[in-house]
Amino acid sequence: MAFLLVPVLVLLGLAAVLVMWGIGVYNGLVAARNRVKESWAQVDVQLKRRFDLIPNLIETVKGYMQHERATLEAVTAARAAVGGAGTQAQRLEAESGLTAALGRLFAVSEAYPDLKASANFASLQEELASTENKIGFARQFYNETVMNLNNKVQMFPGNIIAGMFHFGAETFFEVKDEAQREAPKVSFS
Amino acid sequence: MWEQIAANRRKSFLLVMSAALLLGLLGWAGGEYFLGKGGGAGGVLVALVVWLVMTLAAWFQGDGIMLSVAGAHRVQKDDFPQLFNIVEEMTLAAGLGRMPAVYVIDDPAPNAFATGRKPENAAVAVTSGLLRTLDRDELQGVVAHEMAHVRNRDIQLMLFAGVLAGAIVILAETGLRGMWMGGGRSRSRREGGADGNGLAALLAIVLMILAPILAQLIYFAVSRRREYLADASAASFTRYPEGLASALEKISLAPQRLGGATSATAPMYIINPLKRAGQAAANATGTHPPIDERVRILRAMGGAGFVDYDRSYREVTGRGGVVPKSALAGDGAQAPAARPAPDRPAPSTRENARQVDDFFYRKGGYRTVACACGTTLRIPPDFATPSAKCPRCGTMHDLR
């Protein structure tokens with residue numbers, strides 16, 4: 001029996017190493033997936049904040065911008081689209097639309113000196129511009145965590161473990177249109 | 001990126017261990033010298049106690065001590081909305097769970113630092129001079145650099161490294177002073193006849209002279225590398241290297257010298273606060289890399305990824321890479337592109353300057369009275385007269 005002992009021990013040792021490796025990879029995958037969830041929650045918080053700021057903005061600018069009804073309605077409509085979005089993909093589409101509509105609103109607001117002089121508008125503008133930045137930065141970090149997860153899920157040999165436990169790749173939050181990618185033109189002066 | 005944090009933790013540990021070894025050696029030599037043959041163990045004990053006390057103090061009070069030495073005041077969002085927004089933005093970009101506390105130092109020299117033992121209780125401090133001189137993009141670059149120190153666990157490393165270096169300096173100074181005073185039981189023994197103690201004495205002297213220098217070198221070597229890495233991270237957070245580059249340029253050109261900085265706290269600032277403007281900053285004991293080099297690297301990046309920073313670093317300095325492989329791999333197949341320069345006019349810093357004034361006048365106990373003509377009167381706390389006249393329109397204001 002002694003002659004069997006050595007190969008059996010070696011095999012057992014190899015199996016143990018393999019299991020340890022599998023546990024490490026699995027835990028790494030779970031950590032990566034949790035990071036994606038966490039970072040998405042951050043994006044979500046900022047998107048909601050923007051959603052809540054808009055009625056206040058519309059109320060403030062309405063009196064000054066009588067001739068820009070179309071621009072204001074576009075913002076309201078884009079906000080309603082966000083509220084009515086069902087799936088995640090629709091939601092992201094609608095959020096991009098809202099970013100673009102807000103960008104146009106701030107662009108045309110440059111032509112209204114009375115509006116720009118209003119203290120209420122100035123502080124609201126810094127808040128919205130910063131919220132826009134925060135969405136951008138939270139999105140940037142979210143995409144980083146998604147790439148980290150996707151690398152782990154798709155690269156060999158980790159993909160074997162990922163396949164066994166049904167870890168899937170996540171989708172990036174991209175801003176599609178090149179015009180929308182531009183941050184809204186907001187002046188801080 | 002997470003691998004980078006783990007690597008930093010390992011390095012922290014290694015550094016602390018090697019410095020602790022140096023400390024122990026110093027303690028042993030000192031013990032042999034002062035307590036006589038076989039007193040090494042006692043010396044090591046003394047060294048360990050000194051270090052332990054200092055480490056505990058740093059662990060529980062380190063950030064508080066650092067902030068109070070610098071004269072920093074905690075501020076809230078209502079005091080500095082823009083600064084607060086920027087810190088929040090960079091917290092998101094760095095993916096930190098919690099926003100660091102924000103502090104402002106009343107000092108005309110533009111500078112900034114981050115401190116704290118964990119990202120969860122970190123603090124970011126900027127001087128009022130920084131708020132007065134930098135526009136929003138530049139301020140964002142500086143805050144991003146500090147946030148990188150928080151995210152990469154540099155603040156923790158610097159805290160421990162600083163404490164160890166400090167303990168070694170204290171022990172060596174005390175030891176050397178004791179020797180000049182002719183202390184130690186060893187003197188009588190040494191006169192009695194040469195034995196192993198003579199060697200211990202020699203070793204003690206050499207160590208006491210060399211150890212502080214070695215400790216400072218370890219400390220500085222670590223801190224310089226961190227600065228490059230924090231610059232690289234700042235560029236990748238903001239996607240706008242030019243913001244930090246132009247901020248560094250403005251800070252380095254400012255003629256003021258920071259008041260509340262010492263050689264122990266200097267490595268924590270974004271720019272070495274102890275260097276005079278125009279003085280050559282590059283040498284072996286410099287805590288910070290030369291500023292013009294940092295600016296040139298940032299401006300030659302092209303993109304905004306770690307890969308771009310590493311390539312630019314090689315080109316500008318002619319030295320090997322500075323970014324760890326794990327961080328380079330984090331960029332993936334495509335390094336993030338840099339944001340184009342904004343086409344809006346340079347934002348004014350007037351609003352920030354006004355907030356700085358408001359905040360510190362309020363801190364100083366000043367009262368503000370708004371006059372109908374648009375002038376704001378600031379009334380000093382020791383103003384005895386019951387009424388004040390507006391200098392512009394002559395209206396009398398009742399102050400009671």
Side-chain angles (χ1 to χ4, degrees), chain A residues 27-28 31-32 34-47 49 103 106-107 110 119 122-152 154-155 172 174-175 178 181-189, chain B residues 1-4 6 77-78 80-99 135-140 143-144 147 151 236-240 304-306 326-327 329-337 339-340 342-352 355:
Chain A
N27 286 343
N34 287 341
R35 277 195 209 106
V36 170
K37 273 188 200 148
E38 258 167 55
S39 60
W40 175 254
Q42 290 297 332
V43 178
D44 208 37
V45 166
Q46 300 306 328
L47 289 174
R49 179 168 164 67
F106 280 115
E110 294 288 320
S123 71
L124 206 59
Q125 198 180 24
E126 160 68 24
E127 273 319 294
L128 259 166
S130 178
T131 306
E132 210 62 61
N133 284 351
K134 284 169 197 162
I135 293 171
F137 288 123
R139 184 172 65 87
Q140 182 178 306
F141 184 70
Y142 167 76
N143 284 342
E144 235 172 275
T145 59
V146 167
M147 186 165 74
N148 183 55
L149 175 72
N150 289 359
N151 282 348
K152 285 192 171 163
Q154 291 162 349
M155 278 181 178
F172 292 99
E174 303 282 14
V175 178
E178 196 57 35
R181 196 185 298 263
E182 290 274 302
K185 289 187 180 61
V186 174
S187 151
F188 295 101
S189 51
Chain B
M1 182 173 111
W2 290 279
E3 288 80 2
Q4 192 187 335
K77 177 152 188 180
D78 291 340
F80 297 94
Q82 193 188 74
L83 175 65
F84 237 75
N85 276 334
I86 290 173
V87 174
E88 233 180 306
E89 285 166 20
M90 288 305 106
T91 307
L92 289 167
L96 291 172
R98 197 154 138 206
M99 182 181 157
D135 67 33
R136 199 181 197 280
D137 288 330
E138 292 160 345
L139 198 56
Q140 197 181 46
V143 171
M147 208 60 79
R151 212 273 315 263
S236 110
F237 290 165
T238 57
R239 301 279 197 263
Y240 191 58
F306 285 104
S326 53
D331 272 351
Q334 78 283 20
R339 194 149 48 90
D343 51 2
R344 57 185 146 82
S348 136
T349 58
R350 228 175 44 224
E351 182 61 12
N352 279 336
Q355 287 165 11

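Below, chain A is the first sequence line, B the second, and so on; all start at residue 1.
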Closest non-hydrogen atom pair, [X] against [Y]:
| X | Y | result |
| --- | --- | --- |
| A/Gln140 | B/Ser236 | NE2-O, 3.1 Å |
| A/Phe137 | B/Phe237 | CE2-O, 3.1 Å |
| B/Ala94 | A/Phe141 | O-CE1, 3.9 Å |

Side chain to side chain contact (heavy atoms under 4.5 Å, CB included) involving A/Gln154 - partner list, sequence neighbours excluded: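 So A/Gln154 forms a side chain to side chain contact (heavy atoms under 4.5 Å, CB included) with A/Asn150, A/Ala169.
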Side chain to side chain contact (heavy atoms under 4.5 Å, CB included) involving A/Gln46 - partner list, sequence neighbours excluded: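 Result, side chain to side chain contact (heavy atoms under 4.5 Å, CB included) vs A/Gln46: A/Arg49, A/Thr131, A/Lys134, A/Ile135, B/Leu92.
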Inter-residue atom distance B/Gln140.CD - A/Ser130.OG, 0.5 Å rounding: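 Taking CD in B/Gln140 and OG in A/Ser130, the distance rounds to 9.0 Å.
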Residue, of B/Thr238, B/Thr91, B/Ile86, that accumulates the most heavy atom pairs under 4.5 Å with chain A: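 Greatest number of close heavy-atom pairs with chain A: B/Thr238.
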